[in-house]
Amino acid sequence: MAGRLIVVSNRIPEGPNPAGGLVVALKDAITEKNGTWIGAYGKPGEATDSFDELEGTPYRRLAFRLTAEEHSNYYLGFANSVLWPLCHRRVDLVELQPEYERDYLSVNRRLAAMILRILKPDDMLWIHDYHFLPLAQELRRLGVSNRIGFFLHIPFPSHADLSVLPQPETFAGWLADYNLVGLQTGADVARCLEMYRADPRAEFLPDGSVKFGMNILSVRSFPIGIDVDSFIESASRSAPSPFGREEPAKYIIGVDRLDYSKGIPNRFRAFGRFLENGGAEKRPCLVQIAPPTRERVKAYQDITRELEEIAGSLNGQFATLDWTPIRYIHRQIEREQLATLYRRASAALVTSLADGMNLVAKEFVAAQDPEDPGVLILSKFAGAAEQLTEALLVNPYDTDDIASAIDRALEMPLDERRRRHAFCMQAVRRTDVSLWSTQFLRVLERCMPTLNLPSSMGRGRYNLSAPPADLVAE
Ligand code: ADQ
């Protein structure tokens, strides 16, 4: 029997029936492969050097706890105040503190040692996201030669932005210890390869893989998607209006984690411009759902304040006794309700300044009635714009561009709405999340396991083959 699949992600799926996006994507694969999910859980506490096993899911869950200091320095610090802004083209928000990187490395080192204790020789590891960039390097140092894949959910940083790191060259070194690096889009792959092209330690092989020292790694794009059929099913149920009796006659929807990368202030300003330019006569409502995240990081406190100011000022300027232009809701919404909200909306606004993919865009498309679909307005800087080319693509920095797209969306004739929706729906289906995980794992399985050279304990090693071209995702 093939080896087990071990998945590592920042948070472990919690509760007896966890249902986040990544869980939907991976639960079948991990269950079939007798797999294990590893991630942090609970509130910060005592550091442990072995996992706690959580019961109640068909796959095994092994959880670890961060200390309060690690949570501050590794999670809020290096991961979310250095790597997150760096990857989202906000180097002005990068906060460099020596203890951030120190704890980032030490958490990865501790986790590697804990994984080593449960690892079997033919297990395959799939590591997720920017919290664990150096995890393969730490595992290789311990002599681990298993296949290790990595998927970055957020944009790959530009070569110029990487230079804000105190030692920019470590980034290329961290990734080089994976057998396969998966990125969201072709543009991300191009930026990653540009980094290796500029690095004298890297050499390109004829099949496009990168030889780095003695290591060979493949870099491919695997655009993530949603569980299309289940989303369509949720949206097609004839559920009562989530607004009750307060449903606006015509509304545009925005759904985001409250994050500066999502471009929500620009969206509010553009909606204001649209109202000023005569849109107020149509009395549409912008329904923005944005639960706060990472509230201890200053940049997140700033954006919360900024949005309240803009929404307050626009509502003050335009509201009437029976119409509130912006309804801004700071909470998480149930999945079923979200699907209904999408379906009843005339348009959706996704205005990310940078975004790995943006699943909200795909959920909105899947939720529409194909006979009378709403219009997706999508930032050209969201990864989803590489596939959803028939959305109304906008420059999120250009207020007038978004304002006129809102106008165009609300006026769009039915046949054009149907045509654009049908095109986008095909793209949403092509990137269904089950295909995403299957393709990634098929490519990773075809990578030869790494062979350690005893002299250098994992630093000098051969990876005998890159994945064959027929298995490469788009
Ligand atoms: P996120 O930055 O979280 O994900 P996104 O892809 O839009 O962004 O996914 C958000 C998910 O959370 C969606 O499924 C959405 O429905 C849900 N959600 C958001 N706000 C909600 C609310 N108020 N109530 C309920 N649900 C809400 C990161 C990257 C993205 C990448 C994903 C997946 O930043 O670029 O697409 O990972 O790889």
Side-chain angles (χ1 to χ4, degrees), residues 7 9-11 13 18-26 79-80 83-90 126-131 150-157 182-185 187-188 221-228 230-231 234-235 242 253-264 267 287-294 300 303-304 307 327-343 345 348-367 376 378-379 381-388 396 428 431-433 435-437 440:
V7 168
S9 71
N10 167 45
R11 294 291 298 184
L22 203 53
V23 177
V24 173
L26 295 175
N80 285 311
L83 294 173
W84 180 273
L86 174 75
C87 292
H88 288 90
R89 298 186 210 126
R90 289 299 304 269
W126 189 0
I127 316 296
H128 287 265
D129 236 356
Y130 57 101
H131 315 85
F150 177 80
F151 187 79
L152 184 67
H153 289 257
I154 64 176
F156 197 89
L183 302 169
Q184 297 274 25
T185 66
D188 291 306
S221 83
F222 299 87
I224 199 169
I226 59 166
D227 181 355
V228 181
S230 106
F231 216 85
S234 304
I253 185 121
V255 177
D256 311 76
R257 265 184 322 97
L258 184 47
D259 193 292
Y260 50 81
S261 65
K262 304 290 181 185
I264 313 173
R267 182 182 314 175
V287 177
Q288 177 64 53
I289 298 165
T293 50
R294 305 170 196 164
Y300 289 79
I303 191 174
T304 306
L307 284 177
R327 288 202 206 170
Y328 177 23
I329 294 134
H330 298 245
R331 67 188 72 210
Q332 201 79 15
I333 302 274
E334 290 290 317
R335 209 155 181 72
E336 301 282 314
Q337 271 202 333
L338 201 56
T340 312
L341 276 175
Y342 287 139
R343 189 166 178 106
L349 264 174
V350 176
T351 53
S352 317
L353 305 176
D355 213 332
M357 179 55 58
N358 196 287
L359 295 180
V360 167
K362 294 188 174 180
E363 289 167 357
F364 177 78
V365 170
L376 174 63
L378 176 61
S379 162
F381 301 130
E386 238 182 51
Q387 299 121 50
L388 306 180
V428 168
T431 58
D432 187 284
V433 75
L435 294 173
W436 171 79
S437 51
F440 185 95

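Counting convention: from 1, in listed order, for ligands and their atoms alike. Scope of the values below: all heavy atoms of this structure, side chains included, with no hydrogens, waters or symmetry mates.
Side-chain atoms of Gln184 and Pro155, non-hydrogen and from C-beta on, never get closer than 4.5 Å to each other. With contacts defined as side-chain heavy-atom distances shorter than 4.5 Å, the pair Leu152/Asp188 does not qualify.
A donor and an acceptor atom, one from each side chain of Tyr130 and Asn10, are nowhere located under 3.5 Å apart.
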Would you please test Tyr300 and Trp84 for ring-ring contact (aromatic ring centres under 6.0 Å, His included) and show each step? CA-CA 12 Å; Tyr300 289 79; Trp84 180 273; 7.6 Å; no
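The backbone N or O of Ala382 lies less than 3.5 Å from no partner atom in the side chain of Ser352, so there is not a single donor-acceptor pair.
With salt bridges taken as basic N to acidic carboxylate O contacts below 4.0 Å, one links Arg267 and Asp256.
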Go ahead and list the nitrogen or oxygen contacts between ligand 1 and the protein that come in under 3.5 Å, distances to 0.1 Å, or just say none.
unit_1	atom_1	unit_2	atom_2	d
ligand 1	2 (O)	Arg257	NH2	2.9
ligand 1	2 (O)	Lys262	NZ	3.0
ligand 1	3 (O)	Arg257	NE	3.0
ligand 1	6 (O)	Leu359	N	2.8
ligand 1	7 (O)	Leu359	N	3.4
ligand 1	8 (O)	Lys262	NZ	3.1
ligand 1	14 (O)	Glu363	OE2	2.5
ligand 1	16 (O)	Glu363	OE1	2.6
ligand 1	16 (O)	Glu363	OE2	3.2
ligand 1	23 (N)	Arg331	O	3.3
ligand 1	24 (N)	Ile333	N	2.8
ligand 1	35 (O)	Asp355	OD1	2.6
ligand 1	35 (O)	Gly356	N	3.0
ligand 1	35 (O)	Met357	N	2.9
ligand 1	36 (O)	Asn358	N	2.9
ligand 1	38 (O)	His153	ND1	2.7
ligand 1	38 (O)	Gln184	NE2	3.1

